[in-house]
2 protein chains.
Amino acid sequence: MGKHEHHTPATAASGIEEAIQMLEGRWKLVILFHLFGGKLLRFSELERAIPAISQKMLIQQLRQLEQDGIIARIVHAQVPPKVEYHLTEWGQSLCPALDELLTWAEKRPAPKRARRPSSA
Amino acid sequence: MGKHEHHTPATAASGIEEAIQMLEGRWKLVILFHLFGGKLLRFSELERAIPAISQKMLIQQLRQLEQDGIIARIVHAQVPPKVEYHLTEWGQSLCPALDELLTWAEKRPAPKRARRPSSA
DNA sequence: CTGCATCCCCCTTGATACTG
DNA sequence: CAGTATCAAGGGGGATGCAG
């Protein structure tokens with residue numbers, strides 16, 4: 001049957017909160033989606049792919065994603081530095097969950113208005 | 001098969017980011033889990049169930065969840081105020097997605113260390 | 001090219017006290 | 001009991017400059 005049978009509210013929340021934290025923030029998901037499908041992208045390619053993000057944020061998020069084992073870094077020992085990023089196996093396995101979440105989001109009945117003031 | 005075939009990175013991210021935003025924060029998920037299963041809880045019951053949260057945060061998160069259509073409020077016109085919270089249909093339908101996410105989280109290979117507090 | 005450091009803003013969260 | 005007001009603190013995120 002299930003690999004995890006039953007959780008108390010607190011227990012289940014802990015596990016998921018951890019997961020959500022890894023995806024939290026304004027950029028994680030964007031980065032991840034650009035990497036889905038096993039794509040291998042350079043730092044500069046990601047920068048170009050996500051113009052709105054600052055270098056600082058890109059690196060910061062990349063680092064966290066890497067530390068969380070979701071993405072991996074390939075450093076080429078070259079004169080002009082070349083670093084490539086790609087999803088780990090585990091990172092790729094995030095896709096179904098995200099897809100479920102997207103499906104859920106699309107089921108939303110009546111989105112009155114966004115209420116996160118920060119998005120302005 | 002899929003109800004939504006393909007998304008560009010940016011497109012898919014937009015949809016999911018919206019979803020994630022609704023669940024973001026330290027308390028949303030905790031609250032939600034306490035409500036899963038169609039439970040009907042009073043404000044004070046939630047307070048007791050989540051001792052670590054402040055009234056302000058509890059109400060704030062509750063309001064956002066309500067505004068996002070994930071939970072609903074029942075106000076009883078009584079002398080000692082009585083307000084109950086419960087998940088909406090849509091809110092309940094979040095469960096599978098969260099479960100997927102939890103499953104993913106549990107597949108994590110080697111959780112070296114938490115990296116949030118920049119304690120490293 | 002890739003990555004880090006610093007300064008700065010302000011949103012989020014939190015503690016406490018007050019009100020209907 | 002349910003909800004609000006206020007003030008303070010922490011940290012995420014942006015801009016810019018510097019370094020390997």
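We name chains A, B, ... by the order of the sequence lines, and we start the count at 1 in each one.
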Quickly work out the Glu24(B) CD to dG11(D) C1' distance and round it to whole Å. 14 Å
Whole angstrom is fine here: how far is it from CE in Met57(B) over to P in dT12(C)? 10 Å
Can you list every pair that meets ring-ring contact (aromatic ring centres under 6.0 Å, His included) and has a residue in residues 74-110 of chain A, with sequence neighbours left out? Trp90(A)-Trp104(B), Trp104(A)-Trp90(B)
For Val79(B), which fellow cluster members are found when Ile, Leu, Val, Met, Phe, Trp and Tyr are connected by side-chain heavy-atom distances below 4.5 angstrom, either directly or through intermediates? none
Is the shortest side-chain heavy-atom distance between Leu87(A) and Leu94(A) below 4.5 Å? no
Take the protein atom CD of Glu84(A) and the nucleotide atom P of dC1(C), then report the distance between them rounded to whole Å. 15 Å
Residues in ring pair (Phe, Tyr, Trp, His ring centres under 6.0 Å) with Phe43(B), at least two apart? none
How does the hydrophobic cluster around Leu40(B) look, that is, which other residues are in it when side-chain heavy atoms under 4.5 Å mark a link? Ile74(B)
Rounded to whole Å, the CD1-P distance (Ile74(B) to dC1(D)) equals 19 Å
Given atom CH2 of Trp27(A) and atom P of dG13(D), what is their separation to the nearest angstrom? 9 Å
State whether Arg26(A) places a side-chain N or O below 4.0 Å from either non-bridging phosphate oxygen (OP1 or OP2) of dT12(C). no
Tell me: CD of Gln21(A) to C1' of dT12(C), nearest whole Å? 14 Å
Look at all strands and tell whether Glu45(A) reaches a base, only sugar-phosphate, or nothing, counting heavy atoms closer than 4.0 Å. nothing
Without decimals, in angstroms, what is the distance between Ile59(A) CD1 and dG14(D) C1'? 14 Å
Distance in angstrom units between Glu47(B) CD and dG3(D) C1', rounded: 10 Å
Using heavy atoms to find the nearest nucleotide of DNA chain D for Val83(B) and Ile53(A) separately, return the residue whose nucleotide is more 5′. Val83(B)
Report yes if a side-chain nitrogen or oxygen of Gln60(B) is closer than 4.0 Å to either non-bridging phosphate oxygen (OP1 or OP2) of dT13(C); otherwise report no. yes
Tell me whether the side-chain N/O atoms of Arg63(A) come closer than 4.0 Å to OP1 or OP2 in dT2(C). no
Distance check: side-chain N/O of Arg42(B) vs OP1/OP2 of dA2(D), anything under 4.0 Å? yes
Show me the pairs that pass salt bridge (Lys or Arg N to Asp or Glu O under 4.0 Å) and involve residues 75-90 of chain A, at least two apart or across chains. none
Which letter, B, S or -, goes with each nucleotide of nucleotides 15-20 of chain D from 5' to 3', with contact meaning a protein heavy atom under 4.0 Å? B----B
Do you know the tightest heavy-atom contact between Gly25(A) and Glu17(B)? O-OE2, 4.3 Å
